Protein chains: 2
Amino acid sequence: MATLKDISTELGLSVATVSRALNGFPEVGARTRARVQEAATRLGYRPNRSAQRLATGRSGVVGMIVKLRADMSADQTFFDVLTTLTAELAARDLDLVLSVDQGNDPVAPYERMLERDLLDGFVLNAPVPNDPRPGFLRARGVPFVMHGQAHAAPDYAFFGIDNRAVCADAVELLASLGHARIALINGEARFAFAEDREQGFRAAMAVEGLAVPDGFVAGGAPTESTGYTQALAWLSGRAGPRPTAILCATTPVAQGVLRAARDLGLSMPGDLSVIAHDDALPGIRPAHFNPALTVTHAPLRDACAPLAQMLVDHLNGAPPARLQTVNRAGLIVRASTGPVPKGEERPWQTP
Amino acid sequence: MATLKDISTELGLSVATVSRALNGFPEVGARTRARVQEAATRLGYRPNRSAQRLATGRSGVVGMIVKLRADMSADQTFFDVLTTLTAELAARDLDLVLSVDQGNDPVAPYERMLERDLLDGFVLNAPVPNDPRPGFLRARGVPFVMHGQAHAAPDYAFFGIDNRAVCADAVELLASLGHARIALINGEARFAFAEDREQGFRAAMAVEGLAVPDGFVAGGAPTESTGYTQALAWLSGRAGPRPTAILCATTPVAQGVLRAARDLGLSMPGDLSVIAHDDALPGIRPAHFNPALTVTHAPLRDACAPLAQMLVDHLNGAPPARLQTVNRAGLIVRASTGPVPKGEERPWQTP
DNA sequence: CGGTTTTCTCAAACCGCTTTGAGGCTGACG
DNA sequence: CGTCAGCCTCAAAGCGGTTTGAGAAAACCG
């Protein structure tokens, strides 16, 4: 493997000039630079990361923590982000190293990774309310970007979607179709996004003048069985009048809801409207559900390029508070939503 | 952050002595070593990885390629291995960096990663017959370990299970229960493990004197729908006499088979015996299937610690041909296998 | 044409650690 | 007491880059 010195002797230049030429410094002449670059590609020169890091203090490696549950499984959505992010970072000459963690202390794995003394920064995900990680990393002076929005106006770099709007848009659509009894199967309550969605849901329902009785906002793991179980409970009518529409946190949840409705002999959207938020995970096709699923659509994957770029900018000294993006999910109306069933226009009684 | 030099000046020693004391070299006296270690902990010394790497020529980072399919999804089993492997490597002071690839050239992504000049070695997985990767990496002098066994007696380090025995054990169990019409839903034919399993299956059937007509060895993606579709085809009886037992490549496939059998009103194990190979993926509980699934059991995860250790040993100069392990899957008999149904003991006609 | 900028290039220091080769000190032995 | 191991320690040379301060060459100026 060719080194700077190889190039410099080859060309009769000093290593300093070669280094500058390659790194785009202005002091080096155009002709010299061209010669150097030609020689570099010809000799197959690749900077040695360790040497670069030693000299600059930067490694070109960033980290991410995989949170494992007790059963050793990880969040399915994590891997979609992981793979895309890896590719986006690689395109920007950054490598991503993983670390897995099963513990309860949210910052300990970050601390351990920092001790390995390899990382330039972190990508965080799945923020929770009052997440301790940003404070910890800022105190250590470690750059990071957050996937997801924990609070209004954080002072760090993040990419998120407007989770209040996700539910508000869905409620607005359903209300315009005459629905009054709308229930929500939210994500796991401990995550910030779920908190935001519930707020958006309740606010939009209030705007429409609709009640949300206790028990018709549920939460749980983003799985088919969560949707099935919860929908069965609601639609059996034992908990009071059936909802005429159900909002689902994810498309697998919606699959469960659809199955429950089918099992109960309900037609869609005749008897029940279903709408879900769609993270656009690979291998799940809401458009091919039966009926085709109406969704708010915001591919998780879309966050990766912005996050990668933010992290690069941050590492290059950009002020993190400037590196913030909030996307809005798009509403895609398909066949799973329709007008409220005749005779079911009555809202729930306010408790 | 304290450096070696800080310690050396603090103690009036040279950096060389301090380095040796800390790294356990025999030339340094016990008293000196104790003093150095005390000072190191007192000053909070941490060796600078980059400097160590620059000096030793090793980075402490190994790589792995994630193969993405056209739909951007990755093999589910990959992530189970990935997380466990990451943890096992970290325990041995190695970091794992990923690279994603969607191309057709099997070695190109490895080449690209090598160009980044960051890696000490690779972990490969999912070998195919005549896999070109080992040859490529050996030619480059890059250490690697393989998860899975591509051939009899390769000359590189690998960890695998005896895939012939997986099917042979299953066939032997079923034959002992009187089954004669045994079908196989194998994994994707392009992988080496599937080839081995089919060989094991056919060999064991031959030993039992049982025929395997065309069409009763299928293959496909390791999914529930593969199992459902294939089982439906076989069990409907349109393709000839039903099999009385079905071997499945994975537990999700078995789930599909169970569903198909239920849909057709078949009882298990009364009308049909089912057995699967169980990779022990998190979140899948064959013991809780209905009926509880008989399996050959070999957690993919079990490969990770041996692989990590092999890679460490290899990096430390152990001859790779010595670093080979073949595990044997355990047979766990549960409720999905039983005696052949009365009147169904007749084998298929040899074609 | 001499003097001053500007432009380009270089040698050398440095990052923090490992490793080599040499030398000083100790004690045992003759 | 002189000598020779053996034990300990040291200075110094890398590892492969980046960065500084200075000098040489070229361009500009009056």
Side-chain angles (χ1 to χ4, degrees), chain A residues 1-40 43-61 93 95 114-120 315-317, chain B residues 1-37 39-40 43-61 93 114-120 315-317:
Chain A
M1 180 125 293
T3 71
L4 273 195
K5 197 192 288 189
D6 294 337
I7 300 182
S8 72
T9 57
E10 169 92 5
L11 260 46
L13 293 173
S14 76
V15 288
T17 303
V18 175
S19 170
R20 294 195 142 130
L22 256 24
N23 291 328
F25 279 61
E27 304 95 323
V28 61
R31 237 177 57 82
T32 310
R33 181 177 315 247
R35 281 176 61 217
V36 169
Q37 275 165 343
E38 182 277 328
L43 299 176
Y45 168 77
R46 298 276 157 197
N48 177 315
R49 295 294 195 121
S50 302
Q52 264 182 333
R53 164 147 169 76
L54 182 56
T56 63
R58 283 177 48 179
S59 65
V61 178
D93 220 36
D95 290 298
L114 287 177
E115 283 181 358
R116 300 180 73 79
D117 196 25
L118 172 74
L119 298 183
D120 286 347
L315 291 174
N316 289 334
Chain B
M1 182 126 289
T3 70
L4 272 195
K5 196 193 287 188
D6 294 337
I7 300 182
S8 73
T9 58
E10 169 92 6
L11 261 44
L13 293 173
S14 77
V15 287
T17 304
V18 175
S19 170
R20 293 194 143 129
L22 257 24
N23 290 328
F25 278 61
E27 304 94 324
V28 62
R31 237 177 58 82
T32 311
R33 182 178 315 247
R35 281 174 62 214
V36 169
Q37 276 166 342
L43 298 177
Y45 168 77
R46 301 227 162 247
N48 179 315
R49 296 302 196 103
S50 305
Q52 271 182 329
R53 286 168 193 143
L54 182 56
T56 60
R58 283 176 47 178
S59 67
V61 178
D93 222 36
L114 287 177
E115 285 182 356
R116 301 180 73 79
D117 194 26
L118 173 74
L119 298 183
D120 286 347
L315 291 174
N316 289 334

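Given the structure is predicted, the values throughout are model-derived calculations rather than measurements. Hydrogens, waters and symmetry mates are skipped; everything else that's a heavy atom, side chains included, is used. So you know, we letter chains A, B, ... as the sequences are listed, proteins then strands, and number each from 1.
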Separation of [X] atom [atom1] from [N] atom [atom2], in whole Å?
X: A:Leu54; N: C:dC14; atom1: CG; atom2: P; value: 14 Å
X: A:Phe25; N: C:dT7; atom1: CZ; atom2: P; value: 17 Å
X: A:Leu11; N: C:dT9; atom1: CG; atom2: C1'; value: 13 Å
X: A:Arg20; N: C:dC8; atom1: CZ; atom2: P; value: 12 Å
X: B:Arg58; N: C:dT18; atom1: CZ; atom2: P; value: 13 Å
X: B:Asn23; N: C:dT19; atom1: CG; atom2: P; value: 8 Å

For this session: I would like to know whether A:Arg49 and A:Asp95 meet side chain to side chain contact (heavy atoms under 4.5 Å, CB included); could you show each step before the answer?
Result: CA-CA 11 Å; A:Arg49 295 294 195 121; A:Asp95 290 298; 3.5 Å; yes

Exercise. Which part of the nucleic acid, if any, lies within contact of A:Ser19, taking any heavy atom under 4.0 Å across all strands shown: a base, the sugar-phosphate backbone alone, or nothing?
Worked result: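 Result for A:Ser19 = base.
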
For this session: Provide the full list of side-chain hydrogen bond (donor to acceptor under 3.5 Å, both in side chains) pairs with a residue in residues 51-60 of chain A, sequence neighbours left out, each pair given once.
Result: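 Qualifying pairs, neighbours excluded: A:Arg53-A:Asp117, A:Arg53-B:Ser50, A:Arg58-A:Asn316, A:Ser59-A:Asp120.
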
Exercise. Which residues in residues 26-35 of chain A have at least one heavy atom lying under 4.0 Å from any atom of DNA chain C?
Worked result: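 Per residue number, the list reads A:Glu27, A:Val28, A:Gly29, A:Thr32.
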
Exercise. Using a heavy-atom distance cut-off of less than 4.0 Å, which residues of residues 44-52 of chain B contact DNA chain C?
Worked result: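 Under 4.0 Å from DNA chain C: B:Tyr45, B:Arg46, B:Pro47, B:Asn48, B:Ala51, B:Gln52.
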
Any side-chain heavy-atom pair from [X] and [Y] closer than 4.5 angstrom?
X: B:Leu43; Y: B:Ile7; value: yes
X: B:Leu22; Y: B:Leu4; value: yes
X: A:Val18; Y: A:Tyr45; value: no

Exercise. If you check every side-chain atom of A:Ala16, which of C:dA11, C:dT18, C:dT9 has the closest atom?
Worked result: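 Ranking C:dA11, C:dT18, C:dT9 by closest atom to the A:Ala16 side chain puts C:dA11 first.
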
For this session: Taking salt bridge (Lys or Arg N to Asp or Glu O under 4.0 Å) as the test, write out the residues that go with B:Arg33, two or more places apart.
Result: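 Scan of B:Arg33 (salt bridge (Lys or Arg N to Asp or Glu O under 4.0 Å), adjacent residues dropped) gives none.
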
Exercise. OP1 or OP2 of C:dC10 sitting under 4.0 Å from any side-chain N/O of A:Ser14?
Worked result: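 Checking A:Ser14 against C:dC10: at least one side-chain N or O falls below 4.0 Å of OP1 or OP2.
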
Exercise. Taking only residues two or more places apart in sequence, or in another chain, which ones meet A:Ser14 in a side-chain contact (heavy atoms from CB on, under 4.5 Å)?
Worked result: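 Per chain and number, A:Ser14 pairs via side-chain contact (heavy atoms from CB on, under 4.5 Å) with A:Ala16, A:Thr17.
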
Problem set entry | Leading and trailing nucleotides of DNA chain D with any atom under 4.0 Å from heavy atoms of chain B |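 From 5' to 3', the first and last contacting nucleotides are D:dC8 to D:dG16.
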
Exercise. Is there a donor-acceptor pair closer than 3.5 Å between any side-chain N or O of B:Arg35 and the backbone N or O of B:Leu11?
Worked result: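 Side chain of B:Arg35 to backbone of B:Leu11, a donor-acceptor pair under 3.5 Å: yes, one is there.
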
